[in-house]
Novice: 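The structure under discussion is supplied below as structure tokens; questions concerning it will follow.
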Amino acid sequence: MRAHTPADATERARTARKGGAPPPDLELLVHGVGGTTPQEMLDAPCTSLVTGDETAAVYRRTEDIDAERRPPEERQEPGREGPIREAYVWCNLTSGNSSRALWLLLLPFMVANLAHWMRPPADRRERTVRTYGLFVRLVALSLTVLLIAGACEVALDLIAWQCAGSADCATGKSWLGFLSPENHGWWSQPGRRLALGAVLPGALTGLLWYLSNRTWSAYESSPPLERPVDESAPESGNRPALCLPGFWYGRRIVARLRAAHTAAGFLTIAAALTLPTTTYDRRPGGSGPQDAAGWALLTLLALGALAVVAVVCHRGRSETRVDGELDRLTITALPGAALGVLVLSVLYAGWSRPGWASAGKLPGNQAFCAIAIGEGVLIVAMAVCALALHRSAPLGRTPLYGLAGPAVAMLACGLGSVLAGGIAQRVADWLDGGATPGEGPGIAPPVLLSWLATAIPALLLVLLGLLLIFAVRVWRVRNRLLPTIMDGYPEERPDAVRTRRIASTVARAGLTDSAPWIVGPVALFTLLFGALAVTGAWATDEVPGRAADSAPGVVDAAAQTAQALGSWLMGLAFLMLITWARRAYRSPAARRTIGILWDVGTFWPRAAHPFAPPCYAERAVPDLTWRMETWTRRYGGRLVISGHSQGSVLAAAAVWQVDPRTRGQVALLTYGSPLERLYGRWFPAYFGPAQLLSLHREVRCWRNLWRCTDPIGGPIRLPDGSGPEVDCDPFKDPLAYGRTPEHPLPAPILGHGDYQADPRFDRERAGLLARLPEQTPPPAEESGQTSSGRSSG
């Protein structure tokens with residue numbers, strides 16, 4: 001493939017103007033989740049790169065590469081009608097090489113970041129909006145602390161403190177021999193073992209910083225197309241936030257939050273080293289200089305924690321303008337100072353203490369209870385803010401009465417606990433030779449993790465009950481639909497099996513609208529079971545199996561069974577995350593299975609958690625904006641941006657970003673679109689009814705195609721009654737009920753895919769183009785000025 005230069009494009013435009021040819025029409029295709037190839041999108045074996053790189057690019061059919069300079073009658077092959085077609089391929093932004101499978105391990109961070117964007121719309125409650133965002137950022141910070149604390153639990157407590165300090169555990173483990181007190185080596189002192197164990201969580205913190213910084217360089221560091229904006233215009237109502245030029249440029253806040261979370265990781269490790277060491281030094285008869293050094297380090301830790309919280313609390317996301325500034329002092333000094341405190345803690349822990357011996361669990365592991373309590377309080381505070389916002393401007397289709405954000409944040413905390421606790425449970429089980437952690441004198445993680453593991457079987461029973469309820473609902477809806485299926489095929493002969501299959505597909509597709517009644521109860525029971533786990537761990541300081549010894553036999557047996565089963569389930573959940581990660585980025589089929597949640601989660605900028613996977617829209621939306629702006633200015637033609645599934649969300653976001661002149665030459669075609677069904681409900685502050693109505697009024701024309709069998713796409717449902725202008729009647733699916741001359745074999749039920757297979761697709765697109773005004777070629781001077789900008793092909 002040969003890339004064409006801006007000079008080539010300028011010469012084509014001049015040639016077209018000299019010949020007096022009208023400008024061509026263009027359809028810019030944007031694919032959805034799961035990815036595809038330009039050959040599949042353009043239905044052509046040979047395609048050529050127009051502009052872009054290996055990450056995201058625009059392609060055309062090879063025979064269309066110079067279509068702008070041809071006379072109108074030569075722009076299309078015989079038998080092929082319609083506009084010139086281009087394909088924007090962005091799948092490598094989310095599903096590149098297999099190393100990106102590690103991103104799935106950042107799932108709790110992604111889900112927490114998602115909660116930031118799920119707030120209800122604000123009705124003159126700017127302070128409540130800022131408070132909600134503050135609580136989300138603090139929940140995200142707690143997840144970073146939880147993950148690093150989990151790594152400290154494994155490396156410092158289970159391995160360096162408990163196992164290496166026990167002759168029974170260290171025997172037969174040659175890799176731990178040099179740490180064992182039985183060998184009386186230099187590393188045998190507990191403080192030095194802890195200092196060596198700090199390498200693992202320190203490396204994890206450094207890896208998270210590296211991944212965030214690397215993806216920041218590839219995504220947030222690329223500024224969007226700058227244009228003037230009226231800063232006095234309100235953010236809500238007729239001025240959606242996605243219109244603002246700085247919305248897709250999160251460089252400043254990501255850099256600052258990355259510094260704060262990196263510092264929090266280093267300070268967490270320093271605290272895990274300092275607290276047990278100072279506990280020993282404060283014993284009666286302890287050393288004065290060592291005790292004073294410990295107090296000094298505790299003071300530095302407290303000051304560092306206050307600095308981290310202050311940076312996280314500071315609001316710094318600018319959307320009304322493209323903010324290229326960076327808080328240089330914060331992003332350099334804060335993690336550097338925290339790393340210095342960690343180095344001092346390592347030196348302090350490595351100070352010789354010949355009389356110190358490790359016994360029991362590492363002092364300070366009650367921190368897990370403090371983290372869990374803090375997360376619960378923050379989520380309840382988030383819920384109060386969300387309810388206040390929802391009551392000020394209630395929307396009928398907003399899920400969970402505006403509590404979707406707190407519910408998702410609760411699920412993020414639950415996922416974080418499973419990730420941290422699952423590793424600890426499995427490592428403890430491995431070191432202890434297969435015994436149930438906490439049962440007996442062997443190696444055991446903190447009591448709270450065992451209580452949380454015990455809650456997992458109960459939570460799974462709740463989930464199973466919900467799934468059974470929805471299975472019954474699907475069965476009832478299917479039976480109700482059975483008599484209506486033949487209304488769409490009046491000339492066909494009924495077939496009971498075919499009818500049931502179509503009705504079942506429609507019934508299952510409707511489950512998408514019921515998703516809040518799974519998310520809400522699961523989040524609520526996660527909060528309740530978490531509170532019970534913290535209470536049980538705090539009150540008994542025993543694992544559930546031991547705490548229930550004096551209870552009736554049935555209760556005791558249930559507690560022991562739940563503890564053992566939960567321990568395995570927690571470890572299994574961690575292993576499943578790793579397995580799914582490998583499959584998701586090696587197998588296209590597995591990628592599509594989990595791609596819906598993944599591409600929704602990584603669509604949004606990293607406004608709450610800097611270690612979340614990067615926001616691909618911060619590259620894709622500017623790409624599409626640049627292409628539409630430069631092509632329409634250079635050639636003066638009409639343009640249809642055509643988006644399927646998640647591609648329709650990217651297309652809408654790009655249309656919001658172009659200037660009014662370009663928007664007057666652009667039509668929006670969406671199909672299988674989750675704009676209202678998913679985004680409008682779950683993110684009402686950004687894709688709610690007012691925002692979608694604003695898009696309808698600002699874009700020249702918009703048409704939305706959908707099917708009843710589609711579990712993702714749906715109608716737009718504009719609130720002013722203009723919905724039929726946007727929404728077509730639902731596409732028939734399948735196209736034929738039985739065998740026909742046009743379909744001699746049974747037609748498939750297409751559901752979410754292959755909308756172009758329906759003959760109505762071409763008619764709808766042609767009608768959309770007809771609603772755009774005829775254009776004339778731009779003046780030569782303007783084309784020359786435009787071509788001097790960034791290349792568009």
Novice: Do the non-hydrogen side-chain atoms of Trp706 and Asp710 ever get within less than 4.5 Å of each other?
Specialist: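 Not in contact.
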Novice: Atom CZ in Arg681, atom CZ in Arg397: separation rounded to 0.5 Å?
Specialist: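 Output value for this atom pair is 4.5 Å.
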Novice: OH/Tyr635 to CD1/Ile84 distance, rounded to the nearest 0.5 angstrom?
Specialist: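 Those atoms lie 9.0 Å apart.
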Novice: Taking the side chain as every heavy atom from C-beta outward, state whether Trp631 and Leu28 have any pair of such atoms under 4.5 Å apart.
Specialist: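 Side-chain contact under 4.5 Å: no.
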Novice: Report the relative orientation of the aromatic rings in Phe109 and His609; use parallel for angles under 30°, tilted for 30 to 60°, perpendicular for over 60°.
Specialist: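 Ring orientation, 0 to 90° scale: parallel.
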Novice: Who are the side chain to side chain donor-acceptor pair (under 3.5 Å) partners of Asp733, not counting sequence neighbours?
Specialist: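 Asp733 satisfies side chain to side chain donor-acceptor pair (under 3.5 Å) with Thr709 once adjacent residues are dropped.
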Novice: Only counting residues at least two apart or in another chain, list the ones meeting salt bridge (charged side-chain N to carboxylate O under 4.0 Å, His left out) with Asp53.
Specialist: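 Counting only residues at least two positions away or on another chain, Asp53 forms a salt bridge (charged side-chain N to carboxylate O under 4.0 Å, His left out) with Arg619.
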Novice: Step by step, work out the side chain to side chain contact (heavy atoms under 4.5 Å, CB included) result for Ile641 and Val655.
Specialist: CA-CA 9 Å; Ile641 182 167; Val655 169; 3.8 Å; yes
Novice: Please report the shortest heavy-atom distance between Asn704 and Pro715, naming the atom on each side.
Specialist: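 Minimum heavy-atom contact is ND2-CA, 3.7 Å.
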Novice: Please check if the side chain of Trp656 supplies one atom and the backbone of Leu244 the other of a donor-acceptor pair under 3.5 Å.
Specialist: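 Answer holds: no.
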Novice: Go through the steps to decide whether Leu29 and Leu42 satisfy the test side chain to side chain contact (heavy atoms under 4.5 Å, CB included), and finish with yes or no.
Specialist: CA-CA 9 Å; Leu29 299 164; Leu42 298 172; 4.0 Å; yes
Novice: Going by ring pair (Phe, Tyr, Trp, His ring centres under 6.0 Å), name the residues that satisfy it together with Tyr679, two or more places apart in sequence or in a different chain.
Specialist: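 Per chain and number, Tyr679 pairs via ring pair (Phe, Tyr, Trp, His ring centres under 6.0 Å) with Phe603, Phe683, Phe687.
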Novice: At what distance, to the nearest 0.5 angstrom, does CG of Asp727 lie from CG of Leu718?
Specialist: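 These two atoms lie 7.0 Å from each other.
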Novice: Looking at residues at least two apart in the chain, or sitting in another chain, which of them share a side chain to side chain donor-acceptor pair (under 3.5 Å) with Ser642?
Specialist: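 Here the qualifying residues are Glu27, Tyr671.
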Novice: Would you call Glu618 and Arg606 a salt bridge, using N to O less than 4.0 angstrom?
Specialist: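 Judged by the 4.0 Å cut-off on N to carboxylate O distance, Glu618 and Arg606 do not form a salt bridge.
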Novice: Check whether any side-chain heavy atom of Met110 sits under 4.5 Å from a side-chain heavy atom of Pro613, and report yes or no.
Specialist: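 The answer is yes, as the side chains (C-beta and beyond) meet within the 4.5 Å cut-off.
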Novice: Mind running side chain to side chain contact (heavy atoms under 4.5 Å, CB included) on Leu769 and Val640 for me, showing each step along the way?
Specialist: CA-CA 7 Å; Leu769 272 172; Val640 175; 3.5 Å; yes
Novice: Test side-chain hydrogen bond (donor to acceptor under 3.5 Å, both in side chains) on Ser694 and Glu698 and set out the steps.
Specialist: CA-CA 6 Å; Ser694 172; Glu698 291 182 14; 3.1 Å; yes
Novice: What's the spacing between Tyr88 OH and Asp623 CG if we round to 0.5 Å?
Specialist: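 It comes to 3.5 Å.
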Novice: Can you tell me if Gln39 and Thr47 form a side-chain donor-acceptor pair at under 3.5 Å?
Specialist: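 On atom types as modelled, these side chains qualify, holding a pair under 3.5 Å.
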Novice: For a quick test of reading the model, state the closest non-hydrogen atom pair linking Ala757 to Leu750 and the distance between them.
Specialist: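 Where Ala757 meets Leu750 most closely, the heavy atoms are CB-CD1, 4.3 Å.
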Novice: Can you name the salt bridge (charged side-chain N to carboxylate O under 4.0 Å, His left out) partners of Arg700, sequence neighbours left out?
Specialist: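 Salt bridge (charged side-chain N to carboxylate O under 4.0 Å, His left out) list for Arg700, sorted by chain: empty.
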Novice: What I'd like to find out is whether the side chain of Cys615 reaches to under 4.5 Å of the side chain of Trp248, using heavy atoms alone.
Specialist: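 In contact.
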Novice: Apply salt bridge (charged side-chain N to carboxylate O under 4.0 Å, His left out) to Arg760 and list each qualifying residue two or more places apart in sequence or on a separate chain.
Specialist: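 Result, salt bridge (charged side-chain N to carboxylate O under 4.0 Å, His left out) vs Arg760: Glu764.
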Novice: Under the side chain to side chain contact (heavy atoms under 4.5 Å, CB included) criterion, do Val621 and Leu650 qualify, and how do the steps go?
Specialist: CA-CA 6 Å; Val621 172; Leu650 290 173; 4.1 Å; yes
Novice: Under the side chain to side chain contact (heavy atoms under 4.5 Å, CB included) rule, collect the residues that match up with Pro734, sequence neighbours excluded.
Specialist: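 By the side chain to side chain contact (heavy atoms under 4.5 Å, CB included) rule, Pro734 matches Tyr489, Arg498, Ile502, Ala747, Ile749.
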Novice: State, to 0.1 Å, how close Val666 and Met628 come at their nearest heavy-atom pair, and which atoms those are.
Specialist: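 Looking at all heavy atoms of both residues, the shortest contact is CG1-SD, 4.2 Å.
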Novice: Using 0.5 Å steps for rounding, measure from the CD atom of Glu54 to the CG atom of Leu49.
Specialist: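 One gets 10.0 Å once the value is rounded to the nearest 0.5 Å.
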Novice: Considering only heavy atoms from C-beta outward, does the side chain of Arg677 approach that of Leu675 to under 4.5 Å?
Specialist: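 They are not in contact (no side-chain heavy atoms under 4.5 Å apart), so the answer is no.
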Novice: With a 4.5 Å limit on heavy-atom distance, are the side chains of Leu735 and Asp758 in contact?
Specialist: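 Leu735 reaches Asp758 side chain to side chain.
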Novice: Could you report the tightest heavy-atom contact between Phe247 and Ala241, atom names first, then the distance?
Specialist: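 Looking at all heavy atoms of both residues, the shortest contact is CD1-O, 3.6 Å.
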Novice: Hey, are the side chains of Ser648 and Pro674 touching, using non-hydrogen atoms and a 4.5 Å cut-off?
Specialist: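 When only atoms from C-beta onward are counted, Pro674 and Ser648 do touch, with a gap below 4.5 Å.
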Novice: Any chance the rings of Tyr686 and Trp604 have centres within less than 6.0 Å?
Specialist: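 For Tyr686 and Trp604, the ring centres are under 6.0 Å apart.
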Novice: How would you list, by chain and number, every residue that makes a side chain to side chain contact (heavy atoms under 4.5 Å, CB included) with Cys701, sequence neighbours excluded?
Specialist: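 Applying side chain to side chain contact (heavy atoms under 4.5 Å, CB included) to Cys701 gives Ala667, Leu768, Arg771, Leu772.
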Novice: Tell me the closest heavy-atom pair linking Ser645 and His752, and the distance in Å.
Specialist: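 Here Ser645 and His752 meet closest at OG-NE2, 2.9 Å.
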Novice: Whether Arg633 and Asp659 form a salt bridge (side-chain N of Lys/Arg under 4.0 Å from carboxylate O of Asp/Glu) is what I want to check.
Specialist: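 Salt bridge: yes.
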Novice: I would like to know whether Glu629 and Thr662 meet side-chain hydrogen bond (donor to acceptor under 3.5 Å, both in side chains); could you show each step before the answer?
Specialist: CA-CA 6 Å; Glu629 293 256 8; Thr662 303; 3.3 Å; yes
Novice: Once side chain to side chain contact (heavy atoms under 4.5 Å, CB included) is applied, do any residues pair with Ala770, and if so which ones, sequence neighbours excluded?
Specialist: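 Not a single residue meets the side chain to side chain contact (heavy atoms under 4.5 Å, CB included) criterion with Ala770.
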Novice: Do the side chains of Leu693 and Pro719 get nearer than 4.5 Å, heavy atoms only?
Specialist: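 In short, these two side chains touch, coming nearer than 4.5 Å.
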Novice: Mark yes or no for whether Trp682, through its side chain, and Trp117, through its backbone, hold a donor-acceptor pair below 3.5 Å.
Specialist: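 The answer is no, because no donor-acceptor pair under 3.5 Å joins these two groups.
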Novice: For Arg663 and Val658, indicate whether the former's side chain and the latter's backbone hold a donor-acceptor pair under 3.5 Å.
Specialist: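 Between the backbone of Val658 and the side chain of Arg663 there is a qualifying donor-acceptor contact (under 3.5 Å).
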Novice: Quick check against the 3.5 Å criterion: does His31 have a side-chain atom that pairs as donor or acceptor with the backbone of Val89?
Specialist: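 Absent.
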Novice: State which residues pass side chain to side chain donor-acceptor pair (under 3.5 Å) with Arg763; sequence neighbours excluded, sorted by chain then number.
Specialist: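 Once residues adjacent in sequence are excluded, Arg763 has no partner under the side chain to side chain donor-acceptor pair (under 3.5 Å) criterion.
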Novice: Which residues pass the salt bridge (charged side-chain N to carboxylate O under 4.0 Å, His left out) test with Asp762, not counting sequence neighbours?
Specialist: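 For Asp762 the salt bridge (charged side-chain N to carboxylate O under 4.0 Å, His left out) partners, ignoring immediate neighbours, are Arg765.
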Novice: What's the separation between atom CE in Met118 and atom CG in Asn113, rounded to the nearest 0.5 Å?
Specialist: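 Nearest 0.5 Å value for the CE-CG distance: 11.5 Å.
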Novice: Under the rule for side chain to side chain donor-acceptor pair (under 3.5 Å), what residues qualify as partners of Trp702, not counting sequence neighbours?
Specialist: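 Counting only residues at least two positions away or on another chain, Trp702 forms a side chain to side chain donor-acceptor pair (under 3.5 Å) with Thr670.
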Novice: How far apart are the closest heavy atoms of Arg60 and Val50, and which atoms are they?
Specialist: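 Distance-wise, the nearest heavy atoms are CG-CG2, 3.7 Å.
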